[in-house]
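Numbering starts at 1 and runs along the sequence shown. Keep in mind that the numbers below use all heavy atoms, side chains included, and drop hydrogens, waters and symmetry copies.
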Amino acid sequence: MSPDQPLLLESDLPPLIHHRRRKSGSRTCLCSNVSSSSNFDGAQAQTSDCDVKDKDFVLSRDCSFHSANCSTSNSSFVTEKEFRSGDSAGLECPKRGRTVSWSEMELHDVAGSHSVPFEISASSQVQDRVSTKSQRVRHKSVQFDDVALHEDSARLIYINDPKKTNDKYEFTGNEIRTSKYTFVTFLPKNLFIQFHRVAYLYFLAIAALNQLPPLAVFGRTVSLFPLLFVLCVTAIKDGYEDWRRHRSDRNENNRESLVLQSGDFRSKKWKNIQAGEVVKIFADETIPADMVLLGTSDQSGLAYIQTMNLDGESNLKTRYARQETASEVLSESCEVCGVIRCEQPNRNIYEFTANMEFNGIKFSLSQSNIVLRGCQLKNTDWIIGVVVYAGQETKAMLNSAASPSKRSKLESYMNRETLWLSIFLFIMCLVVALGMGLWLVRHKNQLDTLPYYRKRYFNNGPDNGKKYKYYGIPMEAFFSFLSSVIVFQIMIPISLYITMELVRLGQSYFMIEDRDMYDVSSGSRFQCRSLNINEDLGQIRYVFSDKTGTLTENKMEFRMASVHGKNYGNSLLLADNTAEAVVIPRWKLKSEIAVDSELMTMLQTDSVREERIAAHEFFLTLAACNTVIPIPGGDGFSGCGTNGSNEHMRCISYQGESPDEQALVSAASAYGYTLFERTSGHIVIDVNGEKLRLDVLGLHEFDSVRKRMSVVIRFPDNMVKVLVKGADTSMFSVLANDSERSNDIRHATQSHLNEYSLLGLRTLVVASRDLSDTELEEWQHRYEEASTSLTDRATKLRQTAALIECNLKLLGATGIEDKLQEGVPEAIEALRQAGIKVWVLTGDKQETAISIGLSCKLLSPDMQQIVINGTSEIECRNLLGDAKAKYGVKSSSRGHQNLKHKTNAGLGDLDIPNGLKSLSFPKWNPGKEEGANGPLALIIDGNSLVYILEKELESELFDLATSCRVVLCCRVAPLQKAGIVDLIKSRTDDMTLAIGDGANDVSMIQMADVGVGICGQEGRQAVMASDFAMGQFQFLKKLLLVHGHWNYQRVGYLVLYNFYRNAVFVLMLFWYILCTAFSTTSALTDWSSVFYSVIYTSIPTIIVGIMDKDLSHRTLLQYPKLYGTGHRQEAYNMQLFWITMMDTVWQSLVLFYTPLFTYKDSSIDIWSMGSLWTIAVVILVNVHLAMDINRWVLITHVAIWGSIIITYGCMVVLDSIPVFPNYWTIYHLARSPTYWITILLIIIVALLPRFTCKVLYQIFWPSDIQIAREAELVRKQQNNLQPRHQVSS
C-alpha cells in the first residue's frame, strides 16, 4: 500500500468456495472473498515508517461514512451471541479487548477531476479528541450520510428487466450533463453568477441612475458601456467553456456499448442505457455506468480495471464477479435473472452495500463486486454486468463538486483600500452636493437671470412660467449628489478585476513554460490550476511538507532484512552476480535488485534448521501477503535476453497499489520467491524453480486501526497458516512470548529496526502462525458472518482479524530505502535563508523522520531538539510547559498582533559583492528562535497531537512551535495535518503553503493558503486538489523565490497603479466641478471618460504586470533573503497607499490648474480644454508608469508609447464626427505650440516630487531590491569590460 494509501485501493480477490472435509459437527463453510474480508481497499505492505498514507489513510470500503464508532457507547461491537467470546472483540489479541473509534471521513472533489481525500484518525483515541477539532478544520466538505442498507430505503434492481426496475420512473437515465447552462438559462443564470461581485452591482446602480432624466450626466448608452464590456467578456469566456462542456457531454452520451436485448448483445448509446440492463464491456473500453459484475472472461470471475479517470491512479485494481453468477454467464445463454437490493445513490466511491438474490440463493455484494463509470477494463477480455446506478446517479457524477475557492491575501487588502476609495467618493459627492445647495441658496433670487442657469421656461407657449427641471434646493442638492456619483464612478476601478485576471493569466503562462520547472523523469511540466493566488507565492512564511514522495522519490528499494534475529544487507550484490548462486534465476525483473549473498546462500541450502525455515516463511510472507498483480512477460523492457545463459529466463513485472508493495514482492523474487500467478482463490509462487500453489482462504487488508495486513493460506499439504506484516508498533503487541529464544529474537529485531530507522529506512515487521482446524473453522464462521453483514461490517471484520492476528511467531523485519529527491537539501536551505519556515508532517517513525531531516538539511547537528511524546493530556501539558520554561519561550497572552509582528521580522544581511557592502541590509532579528546553545527544533508525534489539538493546549503548542526554527511532526493523521496548518493559519496573518503528493495530503493542501501537488508515484489526487502542481520538490525554490517574488511585486504595483490612475482622473473632474458652480457638468466627452480606463491606459498596465522584472532570476536565487520583501509587504501596504493618494492629489491639481492658468486670458472653449486634459492625463499616467518600469523590452515600449498614439488616434476620430460637441477641437489645438508646451509642463511639474523622492530614497535609504539591482548593474558592466580588456591586451 502506498504511503499515501488512498483512493480506490481495491485489488480485492474474488470469493473462493471452499468445502472443508466433514468432521463430526462440522459443516460446509463459504469462505467469502478476500476482498469482502478486507476492511480496507488497499493497504498492503506497509512499512512501519509508512507515511500517514500507510498509517492513517486506508479506507474502509464497508465502514459507514457516518462514523463507524466501535466504542462501547455506540454498542457497535457485535453481541456476545454473535461473537462467542466477548474478549475477542479487541483488535490485538483477543485478551486485550481494545475498542476503536473513527473520525469522520470527508471528501473534497474538484469539478472535472476528482480529488478525494478521506481523513481517518490515527489511533483508537483520536476520534474523541479530534472530532471537535475536525469541525473547525473541515472546509466545504461533504459528509456522507449513513448508507446502511434498510429494507424500506433499498433500491431494487431486477437483472435484465429495466422496465420492472424503473416501473415508477424514479431512476434517471444514463445521460449526463456537466454543463452549467442551457440555451434558455444561459443569460439569466450567467448574469446572476456575475453579479455576485459587489462591484458589478455598484456599476449597475450607477448605470441605472444615469438613465433617470435629472441625473443623465453621460449619454444613456455610453454609461452602460463599461459594465456591458466587462459582462460580455466574462459571458463569452463562460459561454465558450460551457460550449466545450456541452460538446464533451454530447460525445460521452453518444458512445456505444453492447446491451443484452432479446437474448443478444446489441449496440446501444450510453445515454439510452437504463438501470437493470445487462451490459458487456471489452478490454480497454470504458465503463458506461456503475455496474455489478455478473461474470468475466476469467473463469474465476476476476477482472482488472484502471481508475485513472476517476482518481488519477494508473495502477490496476481487481474486481470480481460472485461465483454464483460467474458460472451462469460463462454458459452458452446469458439469460440471467435475479434481484439486487442495494443502497440509494451516494458519493462514497469506496463503499457499496448490497444483496443479491440469484437462483434462490441470497448473498452479499461489496465494493469489490462493482465497477464504476469512467473506469477502464484492462488485462481482461470482457466483463458482463448489470447497471445499478446510471447517469447523474453514478458515484463519479455525484462526486463532481467544486473544490474550496481561495482568494489572495493581496486581493483582500485591495478590498480594504477599495473601501477607503468609496469613502473618498462619498466625501467628494457630499462636498459637491453641499456646495450645490449652498450655491443655490446664495443665488436663490438670481436663478432666472444667470446666463448658465434657470429654473423656469421663458419661451412662449403652454410651458411658459413653469419650472424647468427644477425640483427645489433640497432635491437639487440630492440629485447633485447622485450625479456626482455617476461622474466619479471610476474612482472604484471596475477594470481592475479584468486587468488582474489577464495579468495572472500571463504570469501563469510564463510559469508553465519555465524549462527549469520541467521534470524530465516524469515528463510533467508546471501546472497552474488556480489563477487567483499567483501573488501569494511571494509572501509565503510557512511551508508544510509531506515527506514520502515529496521530499523523497517514493521509489522503494529493498536494502536490509532482519531474519530470525540476524541482520542481512551489509554485503549486497546484484542478483546476477552472486557467485554462490546455485540456481540460475528464471525470472527477470524490470530493475536489478541487490541481494545479500549470505542470505541467498542460506535460502538455497536444503537445511531444516530453524533459521532456514524462518527465512523461507519470511520470503513467502513477502510474496503472498499482498494484493500485487503479477504480469508475466512484462512490458518488453531491456535486459530480457533469450540467448546464452538467460535463454530460459522470463520477464515479469508487478502492478502494485504502492511502491512499498512492489519493492517487497520484487525483493522476494530476487531471493528466489517469485509471485507469478494470482487468481480469485489462489496464488502461485516460484520457489527456486519449484511451483508452489497456495489457496487463499481470506485476506484482512491493512487498516489504520490495526496497522497490519494478514492473509490466510492453505498449503498443498493442507496445513493452514496466517501470514502477517505490519508496523512495529502494532506487531510487537501481538507476538507470542513462549520461549527465551523468541524473546532474544524479538530484542535483536527491535535493535535492527532502530538501526534501520537511523539510516532513514522504512521498516516493516513480518510474522506468522499456524492455524488449527478448530481455529480455522471458528475464524471462517465469523469471517463469513462479518463479510456478509450489512451493518458495522468493518468493525466485525476487525474483530474477526483479531482472532488470528495474535500469538504470532516473529520471522523478521524489512528495511526499504526511499531516497531523497534531487536538490531537496539545497531547496530547503534556500527557503530557510529566505525566511521561510519548513515544517515536515509525516506518518513515518520518529527515528526515520529525524534521519531524513538530517540528510535533507532540515535538521542540523547544532540544533537543540525538543521531543514531545506524550501519552496523556497531563503529560503533554507538562512536556510543553517544561520546554517553554527551559528555552525561555514567552506566552502569546499579549495578543495576536505581537505574534504577527514577531513572525514578520526583517531579513538578514545580503553578501553583495563589488564594493556595495556599505549599502547593507537591516539586521535580522527573527524572534526567539535561538535556545541557550543554538536554534530549536521541535519533534512531536501524532499521539501527542491527539491531546494537544485542543483549545487549552493549542496555544502552548503554537508558542513553542513558532519559537523553533524547525518543526517535525511524526505519525500524524491526515486530519492532524490539516489541524497543524490551521493552527498557524488561524493565529497569524502569515501565508501558508502545503505541499504533498498523496491523497492523504489533500486536506492539508486545501487548508493552506497555497496548495502545491507533486506529480509523483502515488496517483494524482494531490495534484487534482492543488492550486499549483509540479514534478519535484526542488522546483519550489524557483517557484517561490523567483516567480513568487516577481508576481507579488507586479500585482502589488498593479493594484496601486490602478488606484492612482483612476483617482487622478476623478480628482481632475472634481476640481473642474468645484470651478463650475458644482454643476456636475464635464469638459470631457462621454466617450473619452469611458475609453480612459478601458482603452487608453489598460494595455500598458497589463504588459507591465506580466513582463516587468525588478531583478533577474539568477540574483533572486543567489540571494534568497530578497524574498523577504514579500514578508515585509514592501510592494503593497497601507503606507504606500496613502503616499500614492497624496501624490495623486498633487498630480491632479497640476493637471487641472496648469492648463487653466495657461489659457486664462485666451478664448479657448471648454471642449478644447477637455481635449487637452484628456491627452495630458493619458500621457501623465503612462510616463508615471514608465518611471517605475525596471526592465524595458520591445513589447513594453510598444505598450507605453503605443497607448499614447492610440489615444491621439481615437481623439482624432471622435473630433472628426460632426455630431459631437468637440468637433474639430484637436486640429485647432495641435497647431498651437502652447498646447505642446502645456503638456510638457504638466508632466514635469506633476512628476517632479515623485522623481525627487525616488532619487533621495535610492541614495540615502536604499531598499534590498535597489542594492541588488545596483549589484546586477555593476556585474554587467564588469562583464562587458572584460572582453574589451582582453581584446586590447
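- Contact of the V720 side chain with the S772 side chain is not registered, since no non-hydrogen atoms from C-beta on lie closer than 4.5 Å.
- A donor and an acceptor atom, one from each side chain of Y304 and D298, are nowhere located under 3.5 Å apart.
- Atom-to-atom distance recorded for N688:CG and L603:CG is 7.0 Å, nearest 0.5 angstrom.
- Of the residues listed (N626, T318, T627), the one engaging R678 in a side-chain hydrogen bond (donor to acceptor under 3.5 Å, both in side chains) is N626, and it is the only one.
- Looking at E677 and R693, their side chains never come closer than 4.5 Å, going by heavy atoms from C-beta outward.
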Item to check | side chain to side chain contact (heavy atoms under 4.5 Å, CB included) between E285 and L377, worked out | outcome: CA-CA 6 Å; E285 289 184 353; L377 185 65; 5.7 Å; no
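- A donor-acceptor distance shorter than 3.5 angstrom exists from the side chain of T325 to the backbone of L294, with no hydrogens or angles considered.
- Using a 4.5 Å cut-off on side-chain heavy atoms (C-beta onward), L810 and S742 make no contact.
- The backbone N or O of S730 lies less than 3.5 Å from a partner atom in the side chain of R708, making a donor-acceptor pair.
- Remark: side-chain polar atoms of S751 are not paired, donor with acceptor, to backbone N or O of H747 under 3.5 angstrom.
- Contact of the H700 side chain with the T800 side chain is registered, since non-hydrogen atoms from C-beta on lie closer than 4.5 Å.
- Between A303 and T380, the shortest heavy-atom contact is CA-OG1, 3.5 Å.
- Distance OG/S768 to CG/L808: 7.5 Å, rounded to 0.5 Å.
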Checklist entry - Does the pair M602 and L599 meet the rule for a side chain to side chain contact (heavy atoms under 4.5 Å, CB included), with working shown? => result CA-CA 5 Å; M602 182 185 67; L599 180 57; 3.5 Å; yes
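- No more than 12 heavy-atom neighbours from other residues, nucleotides or ligands sit within 6.0 angstrom of CD on E822.
- Taking OG1 from T552 and CD from E817, the interatomic distance works out to 10.0 Å, rounded to the nearest 0.5 Å.
- Counting heavy atoms from C-beta on, the side chains of I745 and H564 come closer than 4.5 Å.
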Item to check | Test side chain to side chain contact (heavy atoms under 4.5 Å, CB included) applied to L293 and N369, step by step | outcome: CA-CA 6 Å; L293 282 180; N369 307 120; 5.6 Å; no
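- Ion pair E661/K725 flagged as a salt bridge, since at least one NZ, NE, NH1 or NH2 atom sits closer than 4.0 Å to an Asp/Glu carboxylate oxygen.
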Next on the checklist: Determine whether K691 and D686 satisfy the following criterion, salt bridge (charged side-chain N to carboxylate O under 4.0 Å, His left out), listing intermediate values before the conclusion.
Outcome noted: CA-CA 5 Å; K691 291 185 179 179; D686 185 331; over 6 Å; no
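- Scanning all heavy atoms of the two residues, the minimum distance from A667 to I593 falls at N-CD1, 3.9 Å.
- When all heavy atoms are compared, the tightest approach of V687 to Y673 is CG1-CE2, 3.5 Å.
- Of all the heavy atoms in A623 and L675, the pair that sits closest is O-CD2, 3.5 Å.
- Interatomic distance, CG of L753 versus CE of M731, reported as 10.5 Å (0.5 Å rounding).
- Here the side chain of R319 pairs a donor or acceptor atom with the backbone of I370 at under 3.5 angstrom.
- The side-chain heavy atoms of R769 and V722, taken from C-beta on, include a pair separated by under 4.5 Å.
- Ring-plane geometry between Y671 and F558 is classed as perpendicular, the angle between the planes exceeding 60 degrees on a 0 to 90 degree scale with a lower cut at 30.
- In terms of heavy atoms, S669 sits closest to Y654 at CB-OH, 4.0 Å.
- Distance check, rounded to the nearest 0.5 Å: OG of S733 to CG of D728 gives 10.0 Å.
- Without hydrogens or angle criteria, Y756 side chain to S562 main chain gives a donor-acceptor distance under 3.5 Å.
- Contact annotation: the side chain of V724 never approaches that of M709 to less than 4.5 Å [non-hydrogen atoms, C-beta and beyond].
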Checklist entry - Please walk me through it: do E755 and M560 pass side chain to side chain contact (heavy atoms under 4.5 Å, CB included)? => result CA-CA 10 Å; E755 291 179 17; M560 309 288 282; 5.8 Å; no
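- With rounding to the nearest 0.5 angstrom, the NZ atom of K809 is 5.0 Å from the CD atom of E617.
- Taking each heavy atom of G295 and A321 in turn, the nearest pair found is N-CB, 3.5 Å.
- Residues E777 and D773 form no side-chain contact, since every pair of their non-hydrogen atoms from C-beta on lies 4.5 Å or further apart.
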